[in-house]
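Structure, as structure tokens:
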Amino acid sequence: MPRIARAQADQAIDERKDQIKKAALKIFAEKGLSGTKMSMIAEEAGISQGLSYRYFNSKDEIFGLLVEEAIEESRSAIENIGKLPGSPLEQLRAFTLHLLDEEHKQYFLLVQQALTSEGVPGKAREAIERYSPQDTIERVIPIFVRGQQEGQFAEGDAYKRLILFLSVVNGLMLQDAKMIGMDWTQEVDRLLNILTK
């Protein structure tokens, strides 16, 4: 097969895999690992179940890949928070918007499923064991402290304030905002009051 045709074939395979993973992310986030079947993933992706098996051996394989992606995406967002433009308040605002974004919410729910479900595939379990929510707090504390020094955030224990704030954000991510007619991204400034008042 000529090189150009091979590159196009590889691209088509990658696109189909991404299509299946995107569908699987939605289903896993809604139904959990045990409530998800390959047929549900295939239907959401708009393909036949048989075709889905040409790209992935099982739902466990997809789940493991998605959990690894979720952990990596989370780690990247946390590592880059200090590189975001603007003041500490603007950086935390952008970070919060990212957390409340619908795609990130699905990753968050997927990780919650991996943390709480029984029979989690080995690859997903290993990724979860490498993840530490404490890293999030430790990376955000210096930004928060700088904001306190600049008068943007209220005085007080940075760790406790951030735990409270992130707990509220996590709670909102567990809610089905669309079902109750809410868009949490429109409430970010109100959320940030937890840190500024």
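Arg130 is not listed as a side-chain neighbour of Ile71, based on a closest heavy-atom distance of 4.5 Å or more. Using a 4.5 Å cut-off on side-chain heavy atoms (C-beta onward), Val67 and Tyr107 make no contact. Between Asp101 and Thr185, every side-chain heavy-atom pair lies at or beyond the 4.5 Å cut-off. The shortest distance between side-chain heavy atoms of Arg93 and Leu192 falls below 4.5 Å. The shortest side-chain heavy-atom distance between Pro88 and Glu150 falls under the 4.5 Å cut-off. Ile194 places a side-chain heavy atom less than 4.5 Å from the side chain of Val168. Counting heavy atoms from C-beta outward, Ile62 and Met38 have side chains that approach closer than 4.5 Å. Contact check for Trp184 versus Leu191: no side-chain heavy atoms found under the 4.5 Å cut-off.
When atom types are taken as modelled, the side chain of Ser167 and the backbone of Ile163 share a donor-acceptor pair closer than 3.5 angstrom. Formation of a donor-acceptor pair under 3.5 Å by the Asp157 side chain with backbone atoms of Lys160 is found in this model. Judged by distance alone, with hydrogens and angles left aside, the side-chain atoms of Ser117 form no donor-acceptor pair with the main-chain N or O of Val120 at under 3.5 Å. No side-chain donor-acceptor contact under 3.5 Å links Gln113 to the backbone of Leu109. Checked by atom type and distance alone, the side chain of Lys59 pairs as donor or acceptor with a backbone atom of Leu33 at under 3.5 Å.
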Practice task
Verify side chain to side chain donor-acceptor pair (under 3.5 Å) between Ser58 and Asp60, making sure each step is shown before the conclusion.
Solution key: CA-CA 5 Å; Ser58 67; Asp60 288 356; 5.0 Å; no
Practice task
Kindly determine whether Glu90 and Leu84 satisfy side chain to side chain contact (heavy atoms under 4.5 Å, CB included), including the steps that lead there.
Solution key: CA-CA 8 Å; Glu90 292 165 333; Leu84 293 171; over 6 Å; no
Handout entry: Pair Phe165-Thr96, side chain to side chain contact (heavy atoms under 4.5 Å, CB included): steps then yes or no
Key = CA-CA 10 Å; Phe165 176 73; Thr96 305; 3.3 Å; yes
Handout entry: Criterion side chain to side chain donor-acceptor pair (under 3.5 Å) on Gln148 and Gln152, from CA distance to verdict
Key = CA-CA 6 Å; Gln148 284 179 314; Gln152 295 177 335; over 6 Å; no
Practice task
Quick one: do Arg146 and Gln91 satisfy side chain to side chain donor-acceptor pair (under 3.5 Å)? Show the steps, please.
Solution key: CA-CA 11 Å; Arg146 193 175 49 148; Gln91 289 173 328; 2.9 Å; yes
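Tracing side-chain contacts under 4.5 Å through hydrophobic residues (I, L, V, M, F, W, Y), one reaches Ile137 starting from Leu172; they form part of the same cluster. Both Ile78 and Leu92 belong to a common hydrophobic cluster when Ile, Leu, Val, Met, Phe, Trp and Tyr are linked at side-chain heavy-atom distances under 4.5 angstrom. If you chain together hydrophobic residues whose side chains sit under 4.5 Å apart, Leu115 and Leu174 never meet in one group.
The aromatic rings of His104 and His98 sit tilted relative to each other, their planes meeting at an angle between 30° and 60°.
When the ring-ring contact (aromatic ring centres under 6.0 Å, His included) test is applied to Phe95, no partner is found at least two apart in sequence or on another chain. Residues passing the side chain to side chain donor-acceptor pair (under 3.5 Å) test with Gln19 are Arg16, sequence neighbours excluded.
The structure places CG of Leu25 at 10.0 Å from CZ of Phe63, a figure rounded to the nearest 0.5 Å. Between atom NZ of residue Lys21 and atom CZ of residue Phe28 there is a gap of 12.5 Å, rounded to the nearest 0.5 Å. Put simply, CD on Gln112 and CG on Asn170 are 7.0 Å apart, with the number rounded to the nearest 0.5 Å. Going from atom NZ of Lys26 over to atom CG of Leu110 covers 15.0 Å, rounded to the nearest 0.5 Å. To the nearest 0.5 angstrom, Lys197 atom NZ is 13.0 Å from Phe153 atom CZ. Between the OG1 atom in Thr136 and the CG atom in Leu162 there is a gap of 10.5 Å [rounded to 0.5 Å].
A salt bridge (charged side-chain N to carboxylate O under 4.0 Å, His left out) with Lys123 holds for exactly one of Glu68, Glu69, Glu129; it is Glu68.
Val140 and Ile81 get closest at one heavy-atom pair: CG2-CD1, 4.0 Å. Heavy-atom minimum distance, Phe144 versus Arg161: CZ-CD, 3.6 Å. Of all heavy-atom pairs spanning Ala23 and Glu44, the tightest one is CB-CG, 3.5 Å. For Gln106 against Ala29, the heavy-atom pair with the smallest separation is O-CB, 3.8 Å. The shortest non-hydrogen separation linking Leu99 to Met173 is O-SD, 2.9 Å. For the pair Ser39 and Gln49, the tightest heavy-atom approach, listed with the atom from each and the gap, is CB-OE1, 3.3 Å.
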